[in-house]
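Step one of this worksheet: look at the structure below.
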Amino acid sequence: MCDELTERDNAEALTSGAVSRRGFTAVTSMAAMAAMLPSPAHAVTVNESAVTIKTPDGEADCHFAHPATGSSAAVLVWPDIMGLRPAFQAMGKRLAESGYAVLTVNPFYRSAKAPVLKEGESFADPAVRAKVMPLAQALNANTHRTDAVAFISWLDGQKAVNTRRKIGTTGYCMGGQIVMRTAAAVPNRVGAGASFHGGGLVTAMPDSPHLLIPTMKASFLIAVAENDDQREPTAKDTLRASFDAAKRPAEIEVYKAMHGWVPPDSAAYNKEAAEKAWSRKLALFEKALA
């Protein structure tokens with residue numbers, strides 16, 4: 001998960017040239033983010049809007065993008081520690097252009113409206129980390145579960161969502177563990193989960209996300225950052241053993257990329273690895289959400 005050590009790793013990689021400086025280091029506009037992301041080969045026309053969703057703890061501000069006609073399988077997106085922002089709106093729109101109804105949420109709605117960071121603010125700044133870390137730490141296994149139930153219930157009430165098809169969910173950084181808890185919270189609806197440089201998937205705590213795997217019915221993609229694997233080299237093995245024991249399909253791979261390589265506004269953004277992860281996600285959804 002993002003912390004001072006992650007920022008140190010990424011700074012060292014930038015200095016050594018292991019990470020391209022083409023990636024942004026700060027929050028920037030949706031137009032800039034969209035320009036960095038290739039459009040799908042057969043992109044459909046989409047509608048997108050800001051939506052407000054009632055939950056047991058208040059009202060969550062979210063971004064909803066979906067094909068302009070018909071109904072589609074839904075995907076619930078949990079952003080990284082920097083929250084809902086232009087990069088994730090652009091990613092949500094891109095996924096919608098591939099034929100999905102995509103809800104990208106503000107996980108910090110209890111404390112602040114999105115975006116929680118201003119344009120130009122960067123996770124590299126200690127003051128920014130001091131702002132977002134408490135927001136992440138205020139969430140827990142219970143808030144993850146109740147939010148997942150509320151957001152999926154909202155999706156199932158939308159005309160743009162085909163409720164005969166399973167729902168997918170993706171998470172980045174801290175969102176990885178929320179993906180696993182989402183799959184466990186609503187197992188009969190969630191058919192696919194994808195974690196990208198996810199943090200806290202395997203812990204020694206009794207509420208560790210990996211312990212929920214036997215209750216899930218979803219197929220999984222778990223894309224691990226190289227430096228995360230170096231810090232927790234046994235986590236992938238524990239996940240693989242847990243999925244195998246539960247007889248749940250899971251693609252688990254360590255990518256040659258640093259933590260945070262997928263969002264286009266990350267200092268660690270790695271286009272080649274991000275596109276590989278994107279293609280594997282689409283392959284998973286095509287099969288599991290059919």
Side-chain angles (χ1 to χ4, degrees), residues 1-3 6 75-83 88 91-92 95 102-105 107 136 139 141 144-145 147-148 151-152 166-187 190-203 207-229 231-244 246 248-263 266 268 270 273-285 287-289:
M1 188 180 295
C2 285
D3 55 20
T6 301
V75 178
L76 175 59
V77 180
W78 302 96
D80 60 25
I81 198 167
M82 291 172 67
F88 274 88
M91 290 162 66
L95 188 54
V102 185
L103 180 67
T104 308
V105 305
L139 305 179
H144 295 166
R145 180 185 60 80
D147 281 351
F151 294 143
I152 288 177
K166 295 290 187 178
I167 285 176
T169 181
T170 69
Y172 304 75
C173 180
M174 72 171 200
Q177 61 181 286
I178 310 180
V179 160
M180 298 187 72
R181 291 189 172 121
T182 298
V186 197
V190 178
S195 165
F196 302 98
H197 41 86
L201 307 187
V202 176
T203 75
D207 62 354
S208 176
H210 82 283
L211 298 176
L212 297 171
I213 291 172
T215 69
M216 302 175 189
K217 298 181 180 180
S219 300
F220 263 79
L221 165 65
I222 297 180
V224 184
E226 194 168 39
N227 56 331
D228 289 339
D229 182 58
R231 289 168 61 182
E232 297 182 311
T234 63
K236 63 182 180 300
D237 302 320
T238 299
L239 287 166
R240 187 171 286 113
S242 298
F243 278 111
D244 288 348
R248 299 306 317 157
E251 177 181 317
I252 303 171
E253 182 179 351
V254 177
Y255 282 57
K256 292 187 178 299
M258 304 295 285
H259 182 95
W261 86 83
V262 176
S266 168
N270 181 317
E275 288 306 300
K276 176 184 176 180
W278 187 270
S279 68
R280 297 312 302 152
K281 175 176 65 178
L282 291 182
L284 169 68
F285 287 171
K287 182 178 180 179
L289 306 184

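Computation of the quantities below employed the complete heavy-atom set of this structure, encompassing side-chain atoms and omitting hydrogens, waters and symmetry-equivalent molecules.
- With Glu253 as the fixed residue, the salt bridge (charged side-chain N to carboxylate O under 4.0 Å, His left out) test singles out one of Lys276, Arg240, Arg280: Lys276.
- Rounded to the nearest 0.5 angstrom, Asp237 CG and Asp229 CG are separated by 8.0 Å.
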Side-chain atoms of residues 211-224: list all donor-acceptor pairs with protein atoms under 3.5 Å, sequence neighbours left out, distances to 0.1 Å.
residue, atom, partner, partner atom, Å
Thr215, OG1, Leu212, O, 2.7
Lys217, NZ, Asn188, OD1, 2.7

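- Inter-residue side-chain proximity for Val190 and Leu76 is flagged as unmet; no heavy-atom pair is nearer than 4.5 Å.
- In this structure, the side chains of Thr104 and Met91 stay at 4.5 Å or more apart for every pair of heavy atoms.
- Here His210 contributes atom NE2 and Leu239 contributes atom CG; the two are 7.5 Å apart, rounded to the nearest 0.5 Å.
- Separating the OG1 atom in Thr182 from the CD1 atom in Ile167 is a distance of 10.0 Å, to the nearest 0.5 Å.
- Inter-residue side-chain proximity for Val202 and Glu232 is flagged as unmet; no heavy-atom pair is nearer than 4.5 Å.
- Here the side chains of Asp147 and Trp78 are in contact, with some heavy-atom distance below 4.5 Å.
- Ring geometry for Tyr255 against Trp261 counts as parallel: the plane angle stays under 30°, on a 0 to 90° scale with 60° as the upper cut.
- Between Leu289 and Leu284, the closest side-chain pair of non-hydrogen atoms is not below 4.5 Å.
- For Gly176 against Leu201, the heavy-atom pair with the smallest separation is C-CD2, 3.4 Å.
- Considering CZ of Arg181 and CG of Asp207, their distance stands at 5.0 Å, rounded to 0.5 Å.
- With sequence neighbours left out, the side-chain contact (heavy atoms from CB on, under 4.5 Å) criterion links Lys287 to no other residue.
- With 3.5 Å as the limit, one finds no donor-acceptor pair spanning the side chains of His259 and Asn227.
- In terms of heavy atoms, Gln177 sits closest to Pro209 at CB-CG, 3.7 Å.
- Nearest approach of Gly191 to Ala288, heavy atoms of both residues: O-CB, 3.5 Å.
- Met258 has its side chain out of reach of Asn270: every pair of non-hydrogen atoms, C-beta onward, lies at least 4.5 Å apart.
- The two residues His197 and Val262 come nearest to each other via the heavy atoms NE2-N, 3.5 Å.
- In this structure, Asp80 and Phe196 have side chains that are not in contact, with every pair of non-hydrogen atoms separated by 4.5 Å or more.
- With sequence neighbours excluded, no residue satisfies salt bridge (charged side-chain N to carboxylate O under 4.0 Å, His left out) with Lys166.
- Between Phe285 and Gly168, the closest heavy-atom pair is CE2-CA, 4.2 Å.
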